[in-house]
Every structure is written in C-alpha cells, then in structure tokens.
Amino acid sequence: RFAHFAAGYVFAVALVGRLYWAFVGNHHARELFTLPVFSSAYWREVLTMLKWYGFLIPLPSRYVGHNPLARLAMFSLFMGTLLFMIVTGFALYGEGTQPGSWANRVFGWVIPLFGQSQDVHTWHHFGMWLIVVFVILHVYAAIREDIMSRQSMVSTMVSGYRMFKDDRPD
C-alpha cells in the first residue's frame with residue numbers, strides 16, 4: 001500500500017514536471033496539452049489518420065511531432081485519465097490520512113461527488129485499466145507506424161531525430 005501511495009506522489013510530481021516542460025519547451029512539448037479544436041484542417045487530418053489506421057489509404061501524411069489522431073488520443077484519453085487518476089487517488093489517500101490532512105482538505109470533495117468511497121475505488125480501478133489499454137494500443141501504433149509508414153517512430157524515441165523513409169514530398 002505504501003508503494004502505491006509513493007508511486008502516486010512520484011506520478012503527480014512527474015506530471016507537474018511535464019507541465020513545466022510544456023511551458024519552457026518547444027511547440028512539440030505543448031502538443032500533449034493543447035488541441036486545435038477549431039481548425040478544420042486538424043479534423044481533416046484526424047480523419048486521414050483514422051483512414052490510415054483502418055487500412056483504407058496507402059500512406060499517411062508526414063508529421064514531425066505526434067500525428068493529429070495521436071495528439072487527440074494523448075490529450076483526451078491519456079492526459080484526461082492521468083488527471084482523473086491523480087484526483088481520485090489523492091481523494092482516497094486523503095480518506096486514509098483523515099480530516100485535516102492536506103490531501104483530505106484539497107481532494108475531500110471527490111468522494112461525496114461520486115457517492116461513496118467504494119465508487120471512487122471502482123472508478124480509480126477502471127482508470128487503471130484504461131491506462132493499460134492505452135499503453136498497449138500506443139505501443140502497437142508506434143511499432144506499426146515504424147514498420148508500415150514512411151517515417152521513423154521507435155528509432156526517433158531513441159535518437160531524437162525523425163527520419164522519413166522516402167523522398168516523396170507532401
């Protein structure tokens with residue numbers, strides 16, 4: 001139980017560090033936290049990527065950062081779930097540390113919002129499975145992109161440089 005709580009603290013601090021990097025890093029560092037939802041070109045590219053993942057088009061467009069569909073998934077599924085897990089996790093932690101603790105003062109409103117502690121536990125558990133499924137799909141998509149598309153994915157994570165496998169202009 002202590003390891004779980006300690007991991008929760010590390011997780012929350014790492015997310016704060018990632019948020020800091022979004023402010024001081026380049027525009028790719030902000031992709032996880034912003035979506036151009038009012039851009040019709042963005043939604044066209046999301047549709048293009050859905051077609052690509054559905055094996056309906058032969059090649060995707062080139063992207064130096066995350067593709068628009070990945071950006072949408074990272075923002076909504078991943079980031080949303082991570083924030084949800086932090087809020088519900090610290091609410092459950094605050095319940096154990098009793099009234100007056102910082103966690104209970106800051107996150108004590110969460111348990112009554114859900115109805116009772118067991119409901120928060122259930123939703124927190126569901127969030128964990130959502131993260132597990134997201135990670136599996138994310139790893140699959142990265143490996144699939146590296147093999148099938150015209151741009152590097154896995155090697156980019158290692159080297160930091162995006163490579164394109166063809167010279168065809170967009």
Side-chain angles (χ1 to χ4, degrees), residues 3-22 25-92 110 114 119-166 168 170:
H4 186 92
F5 292 144
Y9 271 102
V10 170
F11 179 66
V13 169
L15 191 60
V16 169
R18 181 60 181 87
L19 185 62
Y20 169 75
W21 183 248
N26 63 17
H27 67 280
H28 296 296
R30 288 182 279 284
E31 284 184 345
L32 182 60
F33 298 97
T34 61
L35 284 180
V37 292
F38 298 110
S39 167
S40 60
Y42 171 76
W43 292 109
R44 278 194 302 276
E45 287 298 314
V46 168
L47 184 60
T48 299
M49 290 310 297
L50 281 170
K51 290 177 185 175
W52 163 246
Y53 285 118
F55 299 98
L56 299 174
I57 59 175
L59 288 174
S61 301
R62 290 183 180 194
Y63 303 103
V64 176
H66 286 99
N67 71 58
L69 183 61
R71 191 173 174 183
L72 178 64
M74 293 287 284
F75 178 81
S76 59
L77 292 176
F78 190 64
M79 201 59 180
T81 305
L82 295 184
L83 290 173
F84 176 80
M85 294 299 280
I86 287 172
V87 169
T88 57
F90 277 125
L92 293 168
V110 175
F114 280 83
D119 294 333
V120 179
H121 277 275
T122 301
W123 282 103
H124 191 74
H125 192 84
F126 177 74
M128 181 267 312
W129 282 109
L130 192 60
I131 291 171
V132 168
V133 169
F134 178 84
V135 167
I136 291 168
L137 292 174
H138 187 72
V139 169
Y140 162 75
I143 293 171
R144 178 187 186 270
E145 284 294 297
D146 208 53
I147 294 169
M148 295 186 66
S149 77
R150 54 194 225 212
Q151 53 202 349
S152 64
M153 287 289 158
V154 178
S155 58
T156 299
M157 290 182 249
V158 174
S159 70
Y161 295 100
R162 177 62 53 115
M163 303 294 185
F164 294 99
K165 298 174 185 175
D166 62 6
R168 191 183 93 180
D170 280 334

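These numbers come from a predicted model, not from an experiment.
Rounded to the nearest 0.5 angstrom, Leu77 CG and Leu82 CG are separated by 10.5 Å.
Residues Met74 and Leu32 approach most closely at CB-CD1, 3.5 Å, considering heavy atoms. Nearest heavy-atom pair across Phe33 and Phe75 is O-CE1, 3.4 Å. Pairing each heavy atom of Gly25 with each of Arg30, the nearest pair is O-NH1, 2.9 Å.
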Output side-chain donor-acceptor pairs under 3.5 Å for residues 51-58, partner residues at least two apart or in another chain, one line each.
| from | atom 1 | to | atom 2 | distance (Å) |
| --- | --- | --- | --- | --- |
| Trp52 | NE1 | Glu145 | OE2 | 2.3 |
| Tyr53 | OH | Asn67 | ND2 | 3.4 |

If you look only at distance, which donor and acceptor atoms sit under 3.5 Å apart when one is on a side chain in residues 124-132 and the other is two or more places apart or in another chain?
| from | atom 1 | to | atom 2 | distance (Å) |
| --- | --- | --- | --- | --- |
| His124 | ND1 | Thr88 | OG1 | 2.7 |
| His125 | NE2 | Trp129 | NE1 | 3.1 |

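Heavy-atom contacts from other residues, nucleotides or ligands closer than 6.0 Å to OH of Tyr20 number 12 or fewer. Counting heavy atoms of neighbouring residues, nucleotides and ligands inside a 6.0 Å radius, atom CH2 of Trp21 does not exceed 12 of them.
Using cut-offs of 30° and 60° on the angle between ring planes, the pair Phe90 and Tyr9 is perpendicular. Classification of the Trp123-Phe84 ring pair by plane angle, with boundaries at 30° and 60°, yields perpendicular.
Checking side-chain atoms of Arg18 against main-chain N and O of Ala29 turns up a donor-acceptor pair under 3.5 Å.
Side chains of Arg71 and Thr34: a donor-acceptor N/O pair is present below 3.5 angstrom, by distance only.
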